[in-house]
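Each remark here refers to the structure printed beneath this line.
Atoms considered below: every heavy atom in the structure, side chains included; atoms not considered: hydrogens, waters and symmetry mates.
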Amino acid sequence: MTTLTRREALSFGAAAFITGVLAGRTSVEAAEAGTLTIAFNVNLPSFDPTTGPSAVNPTIQAIYRSVFDQYIGQGPDLKFQPGLLTAWGWNDDKTKVWMDVREGVTWHDGSKFTPDDIVWSLERAAKQETGNPIQFIWSTANNYKVEGNRITGDVVRFEPTYFKWMAFLTGYVLPKDYYSKVGAEGFEKKPVGTGPYMVDAYEGNSYLRLKANPKYFGGKPAFDTVIFKFVPDTTSRVAEIESGSSDVTLEIPYEDFDRLKKKSGLAGVATPISDIGMIFITNVDPMLDKNVRLAANMAIDKEAIIKRLLRGYGKPLSTLEAPEYEAYDASIKIPYDPEQARKLLAASGYSPEKPVKFSIKTTRGFKPKDYEMIQAIVGMWRKVGIDADIEVYEIAKHYELRAAHQLGPAAFYNWGNAIGDPTTSTGFAMFGPSPHSAWKTKDVDDMLGPLWVEKDEAKRIAGWKAAIKYIAEQGYVIPLLQYVQPIVYKSSLKVTPNVSGALQPTLVSKA
């Protein structure tokens with residue numbers, strides 16, 4: 001894999017360093033017939049899709065799915081489909097798992113993909129020392145055995161979402177022999193997968209260039225070259241697409257989306273996705289006061305935020321379950337009631353003249369109008385007796401702080417749940433032992449704990465709905481809205497929206 005020096009990359013300019021092929025030197029190609037250039041909204045911290053904070057960033061899955069394959073595939077409509085496994089399931093009493101492995105697949109380095117790669121990847125993911133954020137899912141099965149192309153394993157603890165996770169975060173297969181040879185450091189320098197694209201060049205915080213995998217089992221992709229330009233700033237992403245420097249971009253302000261999609265040579269699509277905008281609450285002062293939590297919930301006019309800031313693109317939510325999720329319950333409503341919020345705060349000795357004070361963290365430009373939404377919310381809070389200071393941080397910092405349980409009283413985040421199960425929304429966000437939760441108290445854990453092993457599906461979903469209602473009544477989290485993802489692209493292209501929110505190059509083709 002070749003790279004530009006940082007000095008060379010910066011010399012191209014912040015928003016348009018992709019300018020052409022320079023003789024005798026590695027560079028990044030301008031958008032042309034065989035090249036797709038994406039102005040992407042986040043940087044890529046790591047090439048390993050199974051460890052570290054980036055492994056649970058839903059947005060980065062667009063890159064990971066380009067280079068690597070998952071155990072189980074997932075279509076843009078979120079339906080599961082064969083991946084490196086062609087079939088899978090449990091035995092009748094759910095004490096064993098079985099998986100059939102795809103034949104005829106090769107790694108990017110030319111070596112043969114085998115069932116041993118599946119077993120090694122699963123066993124590695126299950127070890128705490130490897131740093132997989134979902135280790136407690138992968139460790140629920142072990143003792144894998146290979147017979148031909150079938151793998152069997154023992155169920156340690158029944159996990160109803162075990163196979164669903166194989167199409168979700170960290171559910172990627174890595175090359176056993178290659179990784180064992182080069183180690184984590186060598187893999188970062190030259191990652192190898194089985195996916196539709198191969199890594200060709202990378203400059204951290206600047207760009208990633210991929211080349212089509214001619215031997216991909218799913219067929220050669222539409223573009224010979226794909227370039228992800230890392231452009232976290234929304235204004236710069238708008239400039240990228242408007243100037244023609246990039247072919248497609250996403251997560252821009254909705255007013256720019258509405259303007260650009262009408263412009264000659266451009267088109268746009270905006271689809272509800274599985275991402276939820278929400279505010280984590282941590283069980284620290286002053287959030288230990290139920291009146292403060294409920295007041296913070298009730299003082300937010302979600303409809304006004306969606307209408308005024310997001311131009312109507314979004315759906316207000318009262319729980320961490322979107323309508324597409326299995327445990328969604330439309331009867332659970334957190335009302336917009338600023339008068340009741342004032343009464344609750346007054347009962348705890350607070351008022352607009354004597355407000356409760358805390359900080360709220362947020363990203364700026366990661367999602368459309370994220371910072372502006374928090375500004376609006378802070379303004380709404382101020383009217384009822386909450387004085388909140390805004391702290392801006394990068395999304396990578398959010399993951400770091402959340403894992404260390406140091407998010408502080410409140411922190412904005414967008415939660416992705418592309419498999420729609422309550423465990424992967426409310427569960428991981430609210431269950432204390434989860435490294436992804438902020439609120440950690442015994443009452444919630446006692447309700448959620450038994451649901452992780454419930455084998456009766458109807459009983460399991462009913463239990464989750466009851467727990468979700470309780471969490472709403474206690475104000476342990478502040479759900480805001482379901483996102484609608486704006487994508488703008490050149491009209492010479494066709495883009496298939498992905499309900500997961502992952503803008504995968506394989507979902508883009510020539511019109």
Side-chain angles (χ1 to χ4, degrees), residues 15 18 31 35-44 57-66 74-78 196-197 207-208 210 221-223 226-277 306 309-315 322 324 363 365-370 395 414 416 418 481-511:
I18 296 180
T35 299
L36 175 70
T37 302
I38 302 171
F40 208 53
N41 59 329
V42 295
N43 295 314
L44 177 66
N57 183 337
T59 305
I60 294 180
Q61 305 311 304
I63 295 177
Y64 288 152
R65 286 180 173 181
S66 300
Q74 191 178 34
D77 59 356
L78 304 187
Y197 286 96
Y207 78 95
L208 168 69
L210 306 176
F223 298 94
V226 169
I227 299 165
F228 284 90
K229 296 171 70 171
F230 304 130
V231 191
D233 178 68
T234 52
T235 302
S236 296
R237 288 202 302 281
V238 170
E240 282 287 320
I241 193 70
E242 194 161 16
S243 68
S245 296
S246 290
D247 303 311
V248 59
T249 193
L250 71 164
E251 306 293 6
I252 61 174
Y254 292 107
E255 59 267 30
D256 288 310
F257 171 76
D258 283 341
R259 176 178 61 86
L260 291 173
K261 70 179 182 179
K262 299 175 183 177
K263 192 171 181 179
S264 177
L266 294 177
V269 61
T271 306
I273 57 174
S274 58
D275 279 15
I276 288 174
I306 292 170
L309 286 177
L310 306 183
R311 299 173 72 91
Y313 292 105
K315 298 179 180 180
E324 293 82 3
T363 50
F366 177 60
K367 299 292 284 186
K369 297 294 185 181
D370 46 7
I395 190 64
N414 77 289
L481 62 119
Q482 179 183 16
Y483 276 108
V484 171
Q485 183 184 65
I487 302 173
V488 178
Y489 51 94
K490 292 180 178 178
S491 54
S492 58
L493 300 175
K494 177 184 177 182
V495 175
T496 300
N498 193 341
V499 179
S500 77
L503 181 57
Q504 298 162 218
T506 52
L507 298 178
V508 182
S509 60
K510 299 166 188 175

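Inspection of the Y313 and D258 side chains reveals an N or O donor paired with an N or O acceptor under 3.5 Å.
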Check residues 264-277 and write down every donor-acceptor pair under 3.5 Å in which the side-chain atom is one partner and the other belongs to a residue at least two apart or another chain.
| unit_1 | atom_1 | unit_2 | atom_2 | d |
| --- | --- | --- | --- | --- |
| S274 | OG | V499 | O | 3.3 |
| D275 | OD2 | K367 | NZ | 3.4 |
| D275 | OD2 | N414 | ND2 | 2.7 |

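Shortest non-hydrogen contact noted between P497 and P76 is O-CB, 3.4 Å. In terms of heavy-atom proximity, P505 sits nearest to A62 at CD-O, 3.9 Å. Between S236 and V231, the closest heavy-atom pair is CB-CG1, 3.3 Å. In terms of heavy-atom proximity, K369 sits nearest to E255 at NZ-OE2, 2.8 Å. The heavy-atom pair separating V508 from A222 by the smallest distance is O-CB, 4.1 Å. Nearest heavy-atom pair across A418 and L78 is O-CD1, 3.5 Å.
The closest side-chain heavy-atom distance from L493 to F223 is below 4.5 Å. At least one side-chain heavy atom of S246 sits under 4.5 Å from a side-chain heavy atom of K229. No side-chain heavy atom of S245 sits under 4.5 Å from any side-chain heavy atom of T37. A heavy-atom distance below 4.5 Å is found between the side chains of Y64 and L44. Using a 4.5 Å heavy-atom threshold, the side chains of F40 and L250 count as touching. Between N57 and F366, some side-chain heavy-atom pair lies under the 4.5 Å cut-off. Side-chain contact between R311 and P486 is absent, with no heavy-atom pair separated by less than 4.5 Å.
Between the CD atom of Q482 and the CD1 atom of I306 there is a distance of 9.5 Å, given to the nearest 0.5 Å. S500 contributes atom OG, which lies 8.0 Å from atom CD of Q485 (distance to the nearest 0.5 angstrom). Between atom CD of residue E242 and atom CZ of residue R259 there is a gap of 4.0 Å, rounded to the nearest 0.5 Å. A distance of 10.0 Å separates CG in L503 from CD1 in I63, rounded to the nearest 0.5 Å. S492 OG to K510 NZ: the interatomic distance, rounded to the nearest 0.5 Å, is 9.5 Å.
Here I252 pairs with R237, V238, T249, D256, F257, L260, V488 under the side-chain contact (heavy atoms from CB on, under 4.5 Å) rule; sequence neighbours left out. Contacts of N43 classified as side-chain contact (heavy atoms from CB on, under 4.5 Å), with partners at least two apart in sequence or in another chain: N205, F230, P232.
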Open item on the list: Show, in sequence, the C-alpha distance, side-chain angles and deciding distance for N498 and R65, and conclude whether the side-chain contact (heavy atoms from CB on, under 4.5 Å) test is met.
Closed with: CA-CA 13 Å; N498 193 341; R65 286 180 173 181; 4.0 Å; yes

TODO: I would like to know whether L310 and L481 meet side-chain contact (heavy atoms from CB on, under 4.5 Å); could you show each step before the answer?
DONE: CA-CA 11 Å; L310 306 183; L481 62 119; 3.9 Å; yes

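Remark: side-chain polar atoms of Y254 are paired, donor with acceptor, to backbone N or O of V484 under 3.5 angstrom.
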